[in-house]
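Following: one structure in structure tokens, then a few remarks.
For the numbers below, each heavy atom of this structure counts, side chains included, while hydrogens, waters and symmetry mates do not.
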Amino acid sequence: MIRTGDFAIAPSATAAFLARQWLERRWFLFALPTAVLLLWGMFDVRMAIVGLMLIFVVWPMALSAVWFGQALDAASVTASMLHCVEFDEAGMTIRYVPCEERATPAPEAISWERLMPAEHGKKTVTFRMKGSRRVIIVPASALPAEAWRQVMAWSV
């Protein structure tokens with residue numbers, strides 16, 4: 001078994017990942033109306049102004065609502081609690097450090113079959129659950145490189 005040290009992930013990191021994932025799936029909802037208005041604006045300057053208002057006022061407000069929705073998600077909140085992750089052949093177990101301010105969640109076991117392949121970033125390793133928008137973010141510095149190689153061998 002390989003165990004990370006105790007760590008907490010800022011809700012903004014989880015929210016940013018989930019919001020980016022949400023936007024990757026729905027980018028055309030933003031691009032198509034904007035493109036139509038800007039093309040129409042070539043013939044009528046009022047439509048160009050409406051298109052620019054869409055870009056600089058409406059879309060940022062809509063994306064902020066998505067971002068806050070992801071940041072206030074239960075998974076983002078529990079990820080911000082101090083916890084460690086244990087990896088073994090069967091999967092991973094998330095163990096939360098007891099906290100006086102709030103109830104401590106029970107340990108959570110997740111099998112490798114329920115996880116998609118890990119995504120390696122510069123500072124984090126991200127595990128997404130199949131059929132869910134749940135994401136588990138582990139700092140890359142939580143384990144040495146050899147331990148990460150072993151974890152990736154188990155996750156295949």
Residue pair E101 / C99: nearest heavy atoms and the distance that separates them: OE1-SG, 3.2 Å
Test side-chain contact (heavy atoms from CB on, under 4.5 Å) on L63 and F30 and set out the steps. CA-CA 10 Å; L63 289 175; F30 296 94; 3.7 Å; yes
Between the CD atom in Q150 and the OG atom in S155, the distance rounded to the nearest 0.5 Å is 10.0 Å
Does V97 share a hydrophobic cluster with L143, counting links as ILVMFWY side-chain heavy atoms below 4.5 Å and allowing steps through other members? no
If hydrophobic clusters are built from ILVMFWY residues whose side chains come within less than 4.5 Å, do L72 and W22 share one? no
Minimum-distance pair of heavy atoms, taken over all atoms of R102 and V77: NH1-CG1, 3.9 Å
Please examine the side chains of I2 and W154, heavy atoms only from C-beta on, and report whether any two atoms are closer than 4.5 Å. yes
Gap separating the CG atom of L23 from the CG atom of L29, nearest 0.5 angstrom: 9.5 Å
Please check if atom NZ in K130 has more than 12 non-hydrogen atoms from other residues, nucleotides or ligands closer than 6.0 Å. yes
In terms of relative ring orientation, are W112 and F87 parallel, tilted or perpendicular, with 30° and 60° separating the classes? parallel
Where do E86 and R3 land on the side-chain contact (heavy atoms from CB on, under 4.5 Å) test, with the steps shown first? CA-CA 4 Å; E86 297 174 351; R3 183 182 191 278; 3.7 Å; yes
Between P60 and L54, what is the shortest heavy-atom contact and its length? CD-O, 4.3 Å
Would a 4.5 Å heavy-atom cut-off, applied to side chains only, mark F127 and M116 as touching? no
L39, M53: one ILVMFWY side-chain cluster at the under-4.5 Å cut-off? no
Using 0.5 Å steps for rounding, measure from the SG atom of C84 to the CE atom of M92. 12.0 Å
Kindly determine whether L38 and I55 satisfy side-chain contact (heavy atoms from CB on, under 4.5 Å), including the steps that lead there. CA-CA 10 Å; L38 291 178; I55 291 170; 4.0 Å; yes
Can you tell me how far apart CZ (R26) and CD (Q21) are? Round to the nearest 0.5 Å. 9.0 Å
Taking all non-hydrogen atoms of both residues into account, name the closest pair between P107 and T93 and its distance. CB-CG2, 4.3 Å
Closest contact, heavy atoms only, A118 versus V125: CB-CG1, 3.9 Å
Between the OG1 atom in T78 and the CD1 atom in I9, the distance rounded to the nearest 0.5 Å is 11.0 Å
To the closest 0.5 Å, what do you measure between CD1 (I137) and CZ (F17)? 6.5 Å
Below 4.5 Å, heavy atoms only, C-beta onward: do V138 and F7 meet side chain to side chain? yes
Working for side-chain contact (heavy atoms from CB on, under 4.5 Å), residues I136 and E108: CA-CA 12 Å; I136 298 136; E108 187 177 353; over 6 Å; no
Are Y96 and L82 connected in the hydrophobic side-chain network, where two residues link if heavy atoms are under 4.5 Å apart? no
Kindly work out whether a path of hydrophobic side-chain contacts (I/L/V/M/F/W/Y, heavy atoms less than 4.5 Å apart) joins V36 to V58. no
Correct closest heavy-atom pair for I94 and H83 would be CG2-CD2, 3.8 Å
